[in-house]
Peer 1: 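Following this message is one structure expressed as structure tokens.
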Protein chains: 2
Amino acid sequence: MIQSIDRAIRVLTALQGTRRMSLSELAERLDLAPSTAHGIVRSLVEHGMVVQERGSSRYQLGPAVLRLGNVYLDTLELRSRAIPWAEDLARRTGLAVRTGVLLIDDVVIIHHEPRPDGSRQMPEVGIVIPVHASALGKAMLAFLPEDEKRVLTSGDLRSMTGETTTSPETLRDQLDQIRATGVAVEKDEAVIGESSLASPVFDSYGEAVGAIGVVVPSGGDLKGHDVSDLVRETARAVSRELGAAAWPPRRPGQ
Amino acid sequence: MIQSIDRAIRVLTALQGTRRMSLSELAERLDLAPSTAHGIVRSLVEHGMVVQERGSSRYQLGPAVLRLGNVYLDTLELRSRAIPWAEDLARRTGLAVRTGVLLIDDVVIIHHEPRPDGSRQMPEVGIVIPVHASALGKAMLAFLPEDEKRVLTSGDLRSMTGETTTSPETLRDQLDQIRATGVAVEKDEAVIGESSLASPVFDSYGEAVGAIGVVVPSGGDLKGHDVSDLVRETARAVSRELGAAAWPPRRPGQ
DNA sequence: AATGCAGTTCGATATTGTCGAACGTGATTT
DNA sequence: AAATCACGTTCGACAATATCGAACTGCATT
């Protein structure tokens with residue numbers, strides 16, 4: 001791992017958490033001499049990855065990162081395949097539909113089909129949710145070979161709400177359950193008042209490359225048990241389009 | 001400029017143009033030894049900025065860039081201020097509205113309000129258009145102090161369609177015109193069949209920090225001359241919300 | 001007006017990234 | 001089916017390069 005590149009990305013990640021930071025804040029956060037941090041930031045600024053706001057001397061992310069994000073979405077086959085099915089699922093359930101992929105220990109939303117009730121809803125593409133607090137994340141985790149252990153043993157499972165699964169043992173049990181049913185559930189674990197169901201999507205190698213699912217208002221009743229079946233069927237359909245031979249795959253990786 | 005960071009960003013930029021590239025393609029494009037390119041790519045992969053697709057050994061952008069892009073949008077005051085006005089402008093003109101900022105020699109779309117006719121339209125947030133081929137870009141360019149020269153003298157103004165302004169002299173004349181009217185126009189210069197009008201948005205320092213405008217189907221008739229007035233008024237309103245003292249500012253920078 | 005703080009620039013040192021060569025693997029060709 | 005080729009990857013030595021500390025500048029504060 002090249003040191004300066006690692007540091008540059010850490011700068012971007014820091015700015016992604018704390019949106020505006022002064023140089024000294026950045027330097028302290030990354031344990032660097034101010035001049036070192038300055039050199040890194042300068043390089044990022046020259047490419048538009050970071051901009052310093054006028055007047056104040058704080059830094060924030062720049063327009064170049066937006067351009068990259070947009071291109072990423074366009075290159076994702078999973079996304080283009082999932083969109084028609086997501087629309088369909090939203091129409092049939094009356095719920096918002098999310099599709100996500102894994103990023104280290106989080107899930108990144110790559111598509112968001114709003115609830116089809118005509119109301120204005122915040123676009124959620126690009127937001128991240130901890131794997132262990134989301135149905136999307138658990139769905140993928142359950143079908144990963146070795147990597148799952150890393151998350152499970154990494155120690156702290158951050159608590160988002162009082163309901164967040166924070167015990168590795170509990171999570172492990174949940175994953176067994178998910179492998180049995182093909183559907184992951186989560187109640188108020190990431191956001192209070194919001195629960196979700198999701199199923200994993202596989203590619204032609206039988207790898208869990210993403211997950212798709214619905215968001216359920218915690219108060220709302222699921223019309224019978226249909227929803228979970230619809231979610232599973234949607235994931236299966238998308239997987240087939242991606243060339244998956246079976247759903248779930250016979251021996252997941254390993 | 002730190003060399004390895006510069007190279008890393010060049011890798012991302014290359015992947016942004018040519019979506020999937022093999023290591024050797026990347027190495028050749030950046031004039032690097034394959035092993036050097038590999039080290040850089042490896043560092044990017046470890047942070048999820050780049051992923052190598054399974055099976056084939058090609059690389060493409062990763063989910064981490066999407067997360068960054070999303071946060072960038074959230075931090076932009078221009079965007080949050082512009083959105084309500086963009087909705088209003090779209091409603092009153094019946095046209096799609098775009099808001100953009102400058103990124104080196106391009107304009108990046110930071111908000112896109114679709115035509116209010118209920119049809120499905122591709123979201124345009126994150127796409128880039130060359131400054132000299134877009135009304136948004138020209139609107140900003142006309143009110144920049146020194147930087148404009150860089151673009152004008154950088155040599156080649158890429159041609160997008162047969163209508164693209166490629167002569168620096170012509171562009172200079174257009175900018176004079178824009179400074180006089182406050183509204184930039186463009187006909188078929190970026191995309192055939194699509195024209196646009198835009199006006200610059202200023203912040204409290206009198207800097208052109210963005211531009212907002214409408215997209216007009218080339219065949220479509222503008223209802224009288226109203227549209228250009230509405231665009232100008234919208235830009236003025238957003239500028240005032242950002243703390244601009246005057247529109248246009250008295251002495252643009254300099 | 002003076003002081004302190006933060007961002008920035010500059011130069012010397014040694015760490016660190018770079019390159020060339022060698023290895024392993026998968027695909028293609030004879 | 002064997003061999004060759006091409007490609008991605010790993011490794012180690014060198015020197016270029018990033019890093020750090022100190023000094024400078026500008027701004028805000030007292």
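Since we're looking at a predicted model, the values are computed, not measured. Residue numbers start from 1 in every chain, and the chains themselves are labelled A, B, ... in the order their sequence lines are given, proteins ahead of strands.
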Peer 1: State, with a plain yes or no, whether a side-chain heavy atom of B:V41 is found less than 4.5 Å away from one of B:V11.
Peer 2: yes

Peer 1: How many Å lie between CD on A:E28 and P on C:dC5, as a whole number?
Peer 2: 15 Å

Peer 1: Could you tell me whether the side chain of A:R67 and the main chain of B:I109 form a donor-acceptor pair under 3.5 Å?
Peer 2: no

Peer 1: May I ask you to decide if the ring planes of A:W247 and A:F143 are parallel, tilted or perpendicular, using 30° and 60° as cut-offs?
Peer 2: tilted

Peer 1: Donor-acceptor pair, distance only, cut-off 3.5 Å: does the side chain of B:T18 make one with the backbone of B:L15?
Peer 2: no

Peer 1: Which range-with-range stems can be found for DNA chain C when each stem has 3 or more Watson-Crick or G-U pairs in a row and both distances sit under 3.5 Å?
Peer 2: C:1-30 with D:1-30

Peer 1: Is a salt bridge present between B:E77 and B:R81, judged by a nitrogen-to-oxygen distance below 4.0 Å?
Peer 2: yes

Peer 1: How many whole angstroms separate atom CG of A:D6 from atom C1' of C:dG17?
Peer 2: 14 Å

Peer 1: Check each residue of residues 13-26 of chain A for a non-hydrogen atom within less than 4.0 Å of any atom in DNA chain D, then write out the ones that pass by number, or none.
Peer 2: none

Peer 1: Do any side-chain nitrogens or oxygens of A:Y59 fall under 4.0 Å of OP1 or OP2 in C:dA6?
Peer 2: no

Peer 1: Would you say B:S239's side chain and B:F202's backbone share a donor-acceptor pair under 3.5 angstrom?
Peer 2: yes

Peer 1: Under 3.5 Å, is there a donor-acceptor pair between the side chain of B:N70 and the main chain of B:L73?
Peer 2: no

Peer 1: Less than 4.0 Å between a side-chain N and a carboxylate O, is that true for B:D106 and B:R158?
Peer 2: yes

Peer 1: Taking atom P of C:dG11 as reference, at what distance in whole Å does atom NE2 of A:H38 sit?
Peer 2: 16 Å

Peer 1: Would you find a donor on one side and an acceptor on the other, under 3.5 Å apart, between the side chain of A:S43 and the backbone of B:I2?
Peer 2: yes

Peer 1: Treat primed atoms plus P, OP1 and OP2 as sugar-phosphate and everything else as base, then score nucleotides 17-30 of chain D 5' to 3': B for base contact with protein heavy atoms under 4.0 Å, S for sugar-phosphate contact only, - for none.
Peer 2: SSSBB---------

Peer 1: Under a plain distance cut-off of 3.5 Å, with no hydrogens placed, do B:D105 and B:H132 share a side-chain donor-acceptor pair?
Peer 2: no

